[in-house]
Amino acid sequence: MPSLNERLFFQYSGMVGKRSFSMNSWHKEFLNSSIQINETLDFSQFDFENIIKLRYEFPGRKVRPVLEVGYFLDYFFNNVSDYHFFVDNVEYFVEKSKVYSYSKTDMGFEIGTGVFGKIFNRRNFYIIINYQSGKVRKNASIMFF
């Protein structure tokens with residue numbers, strides 16, 4: 001946004017990703033130690049993450065401090081979960097679902113701080129620490145570019 005301020009930047013990033021989770025637990029019945037209970041859960045989900053933010057670079061020569069504030073909106077799609085419940089290796093309950101029982105969107109704010117600069121007057125580097133907070137996601141990250 002050079003016409004407004006040469007140190008103020010408007011950024012957009014969009015990312016598509018997949019996350020998955022698997023769990024397997026088993027235990028013996030407390031009162032009758034011969035009964036074994038086993039549960040398995042497999043979950044996978046694709047998501048599309050959108051982030052819009054303003055970045056301000058403070059004055060400096062080789063290294064400039066950076067402050068970012070923004071808003072994110074995630075959309076979750078193609079959700080698959082598979083749950084099985086066994087007692088003594090006999091399957092008693094199966095639930096296969098492509099319906100996500102939570103909201104298909106998550107939104108919230110993002111704030112970050114870091115530094116931007118040049119190494120040997122040639123290569124740019126960018127180190128940022130971000131925090132995101134939404135209905136579903138609370139996330140802190142460190143990125144190096």
State, to 0.1 Å, how close [X] and [Y] come at their nearest heavy-atom pair, and which atoms those are.
X: Phe86; Y: His84; value: CE1-CB, 3.6 Å
X: Ser133; Y: Lys138; value: OG-NZ, 3.3 Å
X: Pro59; Y: Pro65; value: O-CD, 4.3 Å
X: Gly114; Y: Ile128; value: N-CD1, 3.7 Å

Quick one: sort the Tyr126 and Phe116 rings into parallel, tilted or perpendicular, breaks at 30° and 60°.
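Perpendicular, since the angle between the ring planes exceeds 60°.
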Where does the angle between the aromatic ring planes of Phe58 and Tyr56 fall among parallel (under 30°), tilted (30 to 60°) and perpendicular (over 60°)?
perpendicular
Does one hydrophobic cluster hold both Leu73 and Val16, with members joined at side-chain heavy-atom distances below 4.5 Å?
no
When hydrophobic residues are tied together by side-chain contacts of less than 4.5 Å, even through go-betweens, does Phe72 share a cluster with Leu54?
no
Distance, nearest 0.5 Å, that separates CD1 of Ile129 from OG1 of Thr113
7.5 Å
Within this structure, what is the NZ-CD distance for the pair Lys104 and Gln45, rounded to the nearest 0.5 Å?
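Result: 9.0 Å between the selected atoms.
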Tell me, do [X] and [Y] make a side-chain contact under 4.5 Å, heavy atoms counted?
X: Lys53; Y: Glu110; answer: yes
X: Tyr75; Y: Asn50; answer: no
X: Phe10; Y: Ile52; answer: yes

Qualifying residues under salt bridge (Lys or Arg N to Asp or Glu O under 4.0 Å), relative to Glu57, sequence neighbours excluded:
Arg55, Arg64
Can you list everything that forms a salt bridge (Lys or Arg N to Asp or Glu O under 4.0 Å) with Asp47? Sequence neighbours excluded, please.
Arg19
I would like to know whether Phe76 and Phe46 meet side chain to side chain contact (heavy atoms under 4.5 Å, CB included); could you show each step before the answer?
CA-CA 6 Å; Phe76 307 111; Phe46 281 96; over 6 Å; no
Tell me, with the steps shown, if Met15 and Ile51 meet side chain to side chain contact (heavy atoms under 4.5 Å, CB included).
CA-CA 9 Å; Met15 295 177 274; Ile51 302 172; 4.3 Å; yes
List the steps, then state whether side chain to side chain contact (heavy atoms under 4.5 Å, CB included) holds for Leu41 with Phe21.
CA-CA 8 Å; Leu41 172 66; Phe21 171 78; 4.0 Å; yes
Suppose clustering is done on Ile, Leu, Val, Met, Phe, Trp and Tyr with side-chain heavy atoms closer than 4.5 Å. Which residues sit in the same group as Val69?
Phe109, Ile111, Tyr131
State whether the side chain of Asn130 and the backbone N or O of Ser141 hold a donor-acceptor pair below 3.5 Å, judged by distance alone.
no
Working note: Phe43 + Asp82, criterion side chain to side chain contact (heavy atoms under 4.5 Å, CB included); need CA distance, chi angles, decisive distance, verdict.
CA-CA 6 Å; Phe43 176 78; Asp82 191 8; over 6 Å; no
Quick one about Asn24 and Thr40 (side-chain donor to acceptor, distance below 3.5 Å, no hydrogens or angles considered), yes or no?
no
